[in-house]
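The structure under discussion appears below in the form of structure tokens.
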2 protein chains.
Amino acid sequence: MAPLLRPTYAVIAKTAGVSEATVSRVLNGDESVHPDRAQRVRDAVEELGYKKNRVASALASGRTGLIAVVIDDDLSVFSDPFWGTVTSGVSRVLQENGLHTVLMVAPVGALDGGVAHYLKSGEVDGAIFFVLHSDILVNHLKKQGLPLVITGTPHSNADIPFVDTDNFGGAYSATKHLMSQGCKKVAIITGDIGTTAAKQRLDGYLQAHRESGTLPSKSLICEGDYSFESGKAHAQKLLETHPDLDGVFASNDLMAMGAITVFENAGKSVPGQIRVVGFDDALIAQTSRPSLTTVRQDVVALGEAAGSLMIAQLNGQDFEPIILPTELVIRESA
Amino acid sequence: MAPLLRPTYAVIAKTAGVSEATVSRVLNGDESVHPDRAQRVRDAVEELGYKKNRVASALASGRTGLIAVVIDDDLSVFSDPFWGTVTSGVSRVLQENGLHTVLMVAPVGALDGGVAHYLKSGEVDGAIFFVLHSDILVNHLKKQGLPLVITGTPHSNADIPFVDTDNFGGAYSATKHLMSQGCKKVAIITGDIGTTAAKQRLDGYLQAHRESGTLPSKSLICEGDYSFESGKAHAQKLLETHPDLDGVFASNDLMAMGAITVFENAGKSVPGQIRVVGFDDALIAQTSRPSLTTVRQDVVALGEAAGSLMIAQLNGQDFEPIILPTELVIRESA
DNA sequence: TTATTCCGTGAAAGCGGTTTCGCGGGTAGT
DNA sequence: ACTACCCGCGAAACCGCTTTCACGGAATAA
């Protein structure tokens, strides 16, 4: 079937008794059009039910009104509700400014990968990166003039706008809490250590140890990948190599839950014999048995901050990096 | 900064020594172009790094290559991992066919609402609906010739292509299982009864009762809204009005978890004193304590089936509705 | 050999907007 | 009254493709 026929500028112009250029000026907020003519245009739009064709506008203006939100991972990340929540924060801010979100969940890869190709295609007016294993693509796109925001502190000292959560502070207070609860041997299950967030959380854990006058052995530091399964795998290994382990800080809630599953199945009660803290404060943290002590980050605010930084750039305004605080939420598991 | 300058057909045509129409014919798979000329075009594309401008192509052809995936809800649905998983199934199938997904999570509302406006705007070549409280918009769009697929059985007998899970059979076997475990008084917490899925799950529950020669009292049938909080609220009420309750079938895993939280906090052990079954088999079902007995639906396959039905329509092929089976997964809670 | 048909290809119109440049009328200054 | 400047507005070029129509050469049939 033929697509629905909808009025164009030509019809609006004829109805209002003006030119198409005037219609364009009025609908795009040009204040120089005589108020009486402008009102005639608005009346015609109302009467005829006109809607702008965004495809034609994008071709003519060179701007699509789309902002890419890039998650350097695969679609299984959506089993972690963090991503839906943070994305909703970004989308709300962009939508308030007449922009739309294009969500890209794929490995960012090299300069000739799928994500790079898409971002260079001119289809988006800017890009917000959520997970980064390397700054190579980001630096390349910045040189080409694409407005960018990244979440997480950049690897290099490039002048890239970013928002972040206080990873170091959150991990530090989680580890301090475990120690204050009497834990003598505390392990960490990190995220992918290629990301700055995982590094900063590890640094917070190490700083808490330095301040208590101890240093954890290398086998207490496990590199996970934020997945439930990696939490389980490392918990298993920790029990084998450290039977006297009495505390674990996992760098996200999913890995914390994986660890708890293993400990409980091994007959080690949580928090009776071993205490566990996570990071994020996802719903899974609240509903688990035992409910999870965790470092809460304001995920909606993180998304909104990223969106606001993008809007500021597109409007040619000044901006500063934004670091959001964390809060340790004490529940049953520690 | 000015957008990156990229070669257009004019440049490709000049380099290959052909017209722009020929370039368009070659790149769109027209077999009538002389093979030598066609090869010269492909060589020029390779040499110059040409990428099609999809905005210009959409304007010229009247097709955008975008398919809307509509979830009649708000963004909090992403706290339920069902949605990320089912969407990934759809996206994979569309991408294999050169199409892209536009995800819309918003109340569908009336014919003059935001979703309706967008779908009538000509920006998408088709739409897949995931939750529907009413067929009004779908029937309207079908009349206008927009290719459609819905998940869930349509309310009316309209000739709308759909995919579904066997809701009736899943609920029936869940309720039968509770009865076979000795449960004498089984409640149900439904989803929004305006959706056909929730109705069918209720019907399955009622059929299992009919076959056992009993009928549940009306106060054992609670209408939830698939949220964790509604599961808790109805569980609280059920305990008050039915102290001898010994079984609950919840129409999704989140409500089941909400119910378990309330029962455990009230000192009723699961499954010792009261057995609980959910629906979906989300990760939350596996990680909870106790782990959740649930009706597993193949959510990826549901998404892929919806995508395949859309592709068939766009290609003008015949198609049948697709009903996917369920499987009762026995864990600790029942 | 001549006439007719077919087909590959190029020129250009069009898709629906944005934006530029020039024109004419009005206003201000001398 | 005349001159210079300003500004609102319209005509039309342009954005980068797709597709239509017409042309010329080749092939086929009479």
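Remember, it's a predicted structure, so these values are computed and weren't measured experimentally. Chain naming here is simple, since letters A, B, ... match the order of the sequence lines and numbering starts at 1 in each.
One can place CZ of B:Arg37 at 13 Å from C1' of C:dC7, the figure rounded to the nearest angstrom. For the pair B:Glu31 CD and C:dT9 C1', the interatomic distance rounds to 16 Å; values are reported in whole Å. The interatomic distance linking B:His34 (NE2) with D:dG25 (P) rounds to 16 Å, in whole Å.
Taking the six-membered ring where tryptophan is involved, the planes of A:Trp83 and A:Phe130 are perpendicular, since the angle between them exceeds 60° and thus also 30°.
Across every non-hydrogen atom of A:Leu48 and A:Thr15, the tightest pair is CD1-OG1, 3.5 Å.
For B:Ser88 and B:Ser91, the side-chain atoms include no donor-acceptor pair closer than 3.5 Å.
Side-chain contact between A:Lys142 and A:Pro161 is present, with at least one heavy-atom pair separated by less than 4.5 Å.
Scanning for ring-ring contact (aromatic ring centres under 6.0 Å, His included) contacts around B:Tyr118 gives an empty result, with sequence neighbours left out.
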Short N/O separations, protein against nucleotides 23-28 of chain C, under 3.5 angstrom:
none

**OP:** For A:Tyr50 and A:Leu27, run side chain to side chain contact (heavy atoms under 4.5 Å, CB included): C-alpha distance rounded to whole Å, both residues' side-chain angles, the deciding distance at 0.1 Å, then the answer.
**Re:** CA-CA 11 Å; A:Tyr50 171 80; A:Leu27 297 190; 3.6 Å; yes
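Heavy-atom neighbours of B:Gln95 CD from other residues, nucleotides or ligands within 6.0 Å: at or below the threshold of 12.
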Original post:
Just by protein heavy atoms under 4.0 Å, how would nucleotides 13-18 of chain D read 5' to 3' in B, S and -?
Top reply: --BBBB
